[in-house]
Protein chains: 2
Amino acid sequence: MITNMENIKNLINNKGVKPTFHRIKILEYLMAHKNHPTVDKIYEDIVKSIPTISKTTLYNTLKIFVDKGIITELTITGSETHYDMKHGDHHHFYCTQCKQIFDVHSNCSYDCNMKESVDGNRIDSYQCYYKGICKNCLKINVI
Amino acid sequence: MITNMENIKNLINNKGVKPTFHRIKILEYLMAHKNHPTVDKIYEDIVKSIPTISKTTLYNTLKIFVDKGIITELTITGSETHYDMKHGDHHHFYCTQCKQIFDVHSNCSYDCNMKESVDGNRIDSYQCYYKGICKNCLKINVI
DNA sequence: GTTATTGCAAAATATTTGCATTATA
DNA sequence: TATAATGCAAATATTTTGCAATAAC
């Protein structure tokens with residue numbers, strides 16, 4: 001039987017990254033929290049179980065994961081970077097009122113994963129996002 | 001005869017913003033420089049003709065223009081915000097090597113301007129961008 | 001035992017804020 | 001003159017860096 005931790009370890013290993021304890025724990029966290037956390041949020045949560053972890057390690061590790069294509073960084077707000085496990089094709093919706101980022105599964109035919117280049121430029125990644133007011137905030141505003 | 005400055009003045013006025021000298025000059029700059037400048041770049045250029053202008057005014061003005069939908073802010077790199085006049089429907093390509101942002105006129109059928117909402121969330125703006133190596137850098141790398 | 005990882009503190013960078021000054025209608 | 005815009009300096013927020021301590025293999 002392969003444990004979840006073994007799976008994560010393998011995933012990191014397969015990308016050519018040494019699966020240290022911290023790295024496994026950080027990826028484990030991101031797999032369990034697909035609500036696009038910031039560095040601060042990840043730190044705040046993860047420091048409870050690993051009191052000695054530092055933000056520098058977090059920054060280091062997240063950068064490595066992004067470079068290796070394990071996770072995606074979302075630079076939507078202009079202030080903090082949000083992080084997201086790669087999980088299926090989806091876009092993002094940023095609510096300018098409650099400041100949350102939601103996954104949206106738009107049925108548009110735009111799928112850049114199928115493209116390798118545009119206008120002769122080599123595409124390595126892409127991102128689409130919307131900004132507006134989410135349905136929850138719309139409801140609250142009406143009342 | 002309506003001068004260019006008159007046109008810019010009217011554009012600002014029509015959005016309910018008082019067209020001060022600085023605001024006109026900043027918009028004039030953005031209309032003439034559609035290469036997605038940062039605050040620093042705009043300041044560096046504009047301070048030559050208006051030596052007394054401050055970065056605070058630049059930040060203030062750009063924020064107003066964004067809020068009023070006159071310009072778009074591009075938060076692609078995660079560090080500096082880039083600014084872009086609204087001009088036709090296009091996406092952006094960020095070259096991770098030369099750090100430049102290019103317009104790309106993708107022929108995909110993805111046009112969120114036609115949508116008012118997604119999954120019940122109200123869309124106010126949207127952005128799509130690619131990251132990769134631009135054709136110029138690809139050429140240089142080969143040599 | 002050597003090399004990579006980690007953690008601390010300081011530095012760097014970008015943006016925002018408070019408030020006094022200046023311009024504008 | 002009243003109101004809004006501007007500019008300075010300080011504060012804030014986020015991320016990066018240098019280097020010493022530690023851990024991993």
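In the text below, chain A, chain B and the rest are named by the order of the sequence lines, each starting its count at 1. Source: prediction; values computed, not measured.
Between His22(B) and dG7(D), a side-chain N or O to OP1/OP2 separation shorter than 4.0 Å is present. Distances shorter than 4.0 Å separate none of the side-chain N or O atoms of Thr20(B) from OP1 or OP2 on dA23(C). Side-chain nitrogen and oxygen atoms of Tyr59(A) include at least one within less than 4.0 Å of the OP1 or OP2 phosphate oxygen of dT15(D). Put simply, Thr81(A) has a side-chain N or O that comes within less than 4.0 Å of OP1 or OP2 on dT15(D). Distances shown here put every side-chain N or O of Thr57(A) at or beyond 4.0 Å from the OP1 or OP2 atom of dT6(C).
Here the side chain of Glu80(A) is nearest to one of dT6(D), dG18(C), dT14(D), namely dT14(D). Checked against dA5(D), dT5(C), dT16(D), the side chain of Lys18(A) finds its nearest nucleotide in dT5(C).
Atom CD1 in Ile50(A) sits about 9 Å away from atom P in dG7(C), given to the nearest Å. In this structure, Ile24(A) places its CD1 atom 13 Å from C1' of dT5(C), rounding to the nearest Å. When rounded to the nearest whole Å, the span between NZ of Lys9(A) and C1' of dC25(D) equals 12 Å. In this entry the distance linking CG of Asn13(B) with C1' of dT24(C) reads 14 Å, nearest Å. Asn60(B) places its CG atom 9 Å from the P atom of dT16(C), with the value rounded to the nearest Å. The distance between atom NZ of Lys55(A) and atom C1' of dT15(D), rounded to the nearest whole Å, is 10 Å. As rounded to whole Å, 14 Å separates atom P of dA23(D) from atom CD1 of Ile53(A). Atom C1' of nucleotide dC8(D) and atom CG of Leu58(B) are separated by 15 Å, given to the nearest angstrom.
A side-chain donor from one of Tyr129(B) and Thr75(A) sits under 3.5 Å from a side-chain acceptor of the other. A donor atom on one side chain and an acceptor atom on the other are not found under 3.5 Å apart for Asp84(B) and His33(B). One side chain, Asp45(B) or Tyr29(B), offers a donor N or O that lies under 3.5 Å from an acceptor on the other.
Among the heavy atoms of the strands lying under 4.0 Å from Thr52(B) are primed sugar atoms or P, OP1, OP2 only; no base atom is included.
A donor-acceptor pair under 3.5 Å is formed between the side chain of His82(A) and the backbone N or O of His36(A).
Residue side chain Thr56(A) reaches the base of dC8(C) through a donor-acceptor N/O pair under 3.5 Å, judged by distance alone.
Within a 6.0 Å radius of NZ in Lys68(A), no more than 12 heavy atoms belonging to other residues, nucleotides or ligands are found.
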